[in-house]
Asker: 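Please find one structure pasted underneath; my questions will follow.
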Amino acid sequence: MRIVLFGPPGSGKGTQAGILKQKTGAAHISTGDALREAVANKTKVGLEAKSFMDRGELVPDSVVIAIAEQKLRSTGDNGFILDGFPRTVAQAEALDVALRGLNKPLEHVVNLKVDDEELISRLSGRRVCSSCGEPYHVHTKAPARENVCDKCGAALVHRDDDKPDAIRNRLQVYKTQTEPVLGYYEAQGLLRNVEAVGGIEDIANRILEAVAK
Ligand code: AMP
């Protein structure tokens, strides 16, 4: 499978990518995770990206394109699930060029549809494991022990960009800079819309149905 999981922040791209990876063996490529790792390791990229991320703004195209290209080069035969990339039309164009070079064209762009009210509730309650990145939610997916990851035992954190001002900014940035990418893929006939509300497994099945057509 070679797909982009598209959608606003909080639409469940990371959660669904994890499930699809398990079901298909495709590589999960998240530019957000790669950037958070760079920030934690205080690399040159991390230091450059941190202030953009904390404000909920996009990291410059040149930085994220380089990350995505490097990850795509090392994917195996089971394909890839891109999560959170591309987020601008310039990134989508660069992705096309990179995939042409690798002879691995995109098969589908799955747009996860969720309304704004639900997104704000999901993002403000979201907690993530500081070590393995497993996502939680204070109401809908609480860990067995408060603030402790069920999977690896590390502490959960409330991301700075999941706090109210940054959430508002991220949704605004999505509408102005990222949503236009949908038109780019619609014109290529790659766009598949999926209602991304309800049970996590039900949504995963809807995605699999949409990409099987
Ligand atoms: P995410 O975990 O995908 O929501 O990404 C967290 C943050 O990382 C975003 O709010 C951006 O600041 C940055 N980021 C991740 N992916 C990209 C991208 N494709 N283009 C620009 N910035 C990105």
Side-chain angles (χ1 to χ4, degrees), residues 3-18 20-21 27-41 43-72 80-99 106 109-112 114 116 118-137 156-182 184-185 196:
I3 68 167
V4 169
L5 274 187
F6 200 89
S11 56
K13 299 186 293 293
T15 303
Q16 292 300 331
L20 295 175
K21 176 186 172 175
H28 173 193
I29 301 177
S30 158
T31 42
D33 284 350
L35 287 166
R36 277 185 288 279
E37 196 181 316
V39 170
N41 293 331
T43 65
K44 188 166 163 276
V45 164
L47 294 174
E48 188 182 346
K50 185 171 186 328
S51 62
F52 292 98
M53 295 173 74
D54 286 348
R55 290 194 302 271
E57 285 170 17
L58 294 185
V59 172
D61 284 339
S62 58
V63 175
V64 280
I65 288 169
I67 293 175
E69 283 176 349
Q70 191 244 322
K71 300 262 177 202
L72 283 165
F80 53 80
I81 303 154
L82 280 163
D83 155 14
F85 181 92
R87 267 172 149 107
T88 63
V89 172
Q91 290 177 21
E93 288 167 350
L95 176 63
D96 274 350
V97 172
L99 293 179
L106 270 184
V109 174
V110 176
N111 179 34
L112 300 179
V114 180
D116 278 4
E118 170 79 12
L119 292 174
I120 291 168
S121 145
R122 287 188 189 179
L123 289 169
S124 51
R126 179 158 76 174
R127 301 292 181 270
V128 289
C129 174
S130 55
S131 177
C132 72
E134 179 71 9
Y136 293 87
H137 188 280
L156 304 188
V157 292
H158 189 183
R159 280 168 43 177
D160 280 338
D161 62 349
D162 282 341
K163 294 180 181 162
D165 283 350
I167 291 176
R168 268 191 292 278
N169 204 22
R170 287 164 74 199
L171 292 177
Q172 191 57 33
V173 165
Y174 176 78
K175 286 194 184 11
T176 55
Q177 298 184 59
T178 304
E179 225 166 33
V181 178
L182 287 175
Y184 179 87
Y185 285 126

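Values below: all heavy atoms of this structure, side chains included; hydrogens, waters and symmetry mates excluded. Read the numbers this way: they start at 1 and go in the same order the structure lists the ligands and their atoms.
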Asker: Could you walk me through whether Phe6 and Val110 pass the side-chain contact (heavy atoms from CB on, under 4.5 Å) test, one step at a time?
Answerer: CA-CA 6 Å; Phe6 200 89; Val110 176; over 6 Å; no
Asker: Test: salt bridge (Lys or Arg N to Asp or Glu O under 4.0 Å). Region: residues 118-136. Which pairs qualify, not counting sequence neighbours?
Answerer: Glu118-Arg122, Arg126-Asp162, Glu134-Lys141, Glu134-Lys151
Asker: Quick one: side-chain contact (heavy atoms from CB on, under 4.5 Å) partners of Asp161, sequence neighbours excluded?
Answerer: Arg159, Ala166, Arg170
Asker: Check each protein residue for a heavy atom under 4.0 Å from ligand 1 and list those that pass, ordered by chain and number.
Answerer: Thr31, Gly32, Leu35, Arg36, Met53, Glu57, Leu58, Val59, Val64, Gly84, Phe85, Arg87, Gln91, Arg159, Asp161, Arg170
Asker: Can you see whether Tyr184 engages Asp96 through a side-chain donor-acceptor pair at a distance of less than 3.5 angstrom?
Answerer: yes
Asker: Less than 3.5 Å apart, which donor and acceptor atoms pair up between the side chains of residues 43-52 and the rest of the protein, not counting sequence neighbours?
Answerer:
from, atom 1, to, atom 2, distance (Å)
Thr43, OG1, Ala38, O, 3.4
Thr43, OG1, Gly46, N, 3.1
Lys50, NZ, Asp54, OD2, 2.5

Asker: Take Leu171 and Leu119 through the test side-chain contact (heavy atoms from CB on, under 4.5 Å) and record every step on the way to the result.
Answerer: CA-CA 9 Å; Leu171 292 177; Leu119 292 174; 3.8 Å; yes
